[in-house]
Protein chains: 2
Amino acid sequence: MSEHTEFLYPAKWLSKASSGNRVASELRMRIIAGLIESGTIISENKIAADFSVSRSPVREALKILASENIIRLERMGAVVLGLTEKEIQEIYDVRLLIETFVFERLAKMDSTKLVQELSKILEMMSIAIKYKDADEFSYQDVLFHETIIRSINHSYIMMIWNNAKPVMEALILLSMRVRLEERYEDFQRVIDNHQLYIEAIKTKNRDLMIQALHQNFDDVQEKVDDLWMSQQMLSKGVQNDD
Amino acid sequence: MSEHTEFLYPAKWLSKASSGNRVASELRMRIIAGLIESGTIISENKIAADFSVSRSPVREALKILASENIIRLERMGAVVLGLTEKEIQEIYDVRLLIETFVFERLAKMDSTKLVQELSKILEMMSIAIKYKDADEFSYQDVLFHETIIRSINHSYIMMIWNNAKPVMEALILLSMRVRLEERYEDFQRVIDNHQLYIEAIKTKNRDLMIQALHQNFDDVQEKVDDLWMSQQMLSKGVQNDD
DNA sequence: GTAAGTATACTTGTATACAAGTATTATAAA
DNA sequence: TTTATAATACTTGTATACAAGTATACTTAC
């Protein structure tokens, strides 16, 4: 319909990405942000025209989104599923499942190097806040959790993460952008929570780990609430702030 | 090199599959069976020639296998990774993770319908044994677990299953074929174990669930041992039994 | 107005074509 | 013999072409 001159997904993150991944990333953002409504039927040709690419990368993109349960491929066209509140809850079920498993493994390992790496990322996050860079903050936030998960060197846990990551990234990105505008003070709490993560890993304190996890999930719950705001804002169109 | 006239993956299971899925299924079997050794570099063109299809479905297949961590896509060609014992253990970590989660959910649900469905599948498995049909038995075995997982209606748990399923299916298939020849008596124990699953679900007995899980995993451990036998047999070529 | 049947436009799946880049191999120079 | 350079063959990523099938809309008969 209307021309999409603006892209929701940060162009910086796509420097080396293939055309298919670009389309997938942007399409994912538009679907999760509600710009493309649930139930919409999209076809390879339509998307290809939208993004001025051929069907080949679009096919690739749709396969990716289908594996993330964001769309459902059908005989004729693909149905946009989007994310209901149920699915968002489910994503965090999976995160809880994974991170609990990872923590158990971590407790049996030397985590010195990991702690240092996480500290670095946390400082990056602080700087991102300082310069009000929501995208950079989101990037580091996702990287923080990915770094923890990657550290146990478990290919199948990593596989699960890789499948869930893009959707989580999109959720966090949208949420952080809204927060930066409206609830700037939240960021310090996010930082504190991540510091708790590091402490838990450093001391191998299982109770602290669980505390950090739950605190993060409570926080995440708010992110979700924010998300719906951002969805409303983005999909209904924001003339000005009422 | 030599012509591949025989296919490892059951043709029946591919009735409605696309060319890409056919290639992925067969390639997966050959890699896991060790017919294609770890470290081998495969290219889209080579595979396309092997299977007498164009690069389009092959690309699709390689993407699938890469998402399953069976191959690693690189700039020039893809590296066959195969499955080490570590990865096989990791797959069952994930199964344990998922099935434990599912059981927790199941305990809060009415499982009457599920139990009936599982009983049907179990009878199918018995019949498959009776007629010494390893492929059918494997199919029902995988279906049994999928049915349990599907019953809680959790799209992200299902996503994890969908990603791990093909590799597990291949493992089970190869293992059962060997067992049918060499350790026929094992099948009754598998049946008994699955009966335990059903009982645990029916009675919502958490201890029984855990017992069934572990019994199944112990059993699975043997499957894995068998697999290495089958790998040896298949890849080195079987002249006769020494 | 309604039903049946046909034509048309659109869909995916697969094959092929082309472009840009990379590794290898052969050639030539020292 | 070794090193540098150039030619060649092969790789992926993307665009396009073609085929088979499906839904829609139109036409025609009643």
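Nothing here was measured: the structure is a model prediction, and the numbers come from that model. Just so it is clear: chains get the letters A, B, ... in the order the sequence lines come, proteins before strands, and each one is counted from 1.
- Identified under the ring-ring contact (aromatic ring centres under 6.0 Å, His included) test for residues 150-181 of chain B, with sequence neighbours left out: B:Phe101-B:His154.
- Residues forming a side-chain contact (heavy atoms from CB on, under 4.5 Å) with A:Ala66 (at least two apart in sequence, or on another chain): A:Ile71, A:Leu73.
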Heavy-atom protein contacts under 4.0 Å, nucleotides 9-18 of chain C, coded B base, S sugar-phosphate only, - none: -BSBBBBBB-
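- Looking at residues two or more places apart in sequence or on another chain, you find a side-chain hydrogen bond (donor to acceptor under 3.5 Å, both in side chains) between B:Glu26 and B:Arg30.
- Annotation: ring-ring contact (aromatic ring centres under 6.0 Å, His included) contacts involving residues 39-87 of chain B, sequence neighbours excluded, are absent.
- The list of side chain to side chain donor-acceptor pair (under 3.5 Å) pairs with a residue in residues 7-16 of chain B, not counting sequence neighbours, reads B:Tyr9-B:Glu169.
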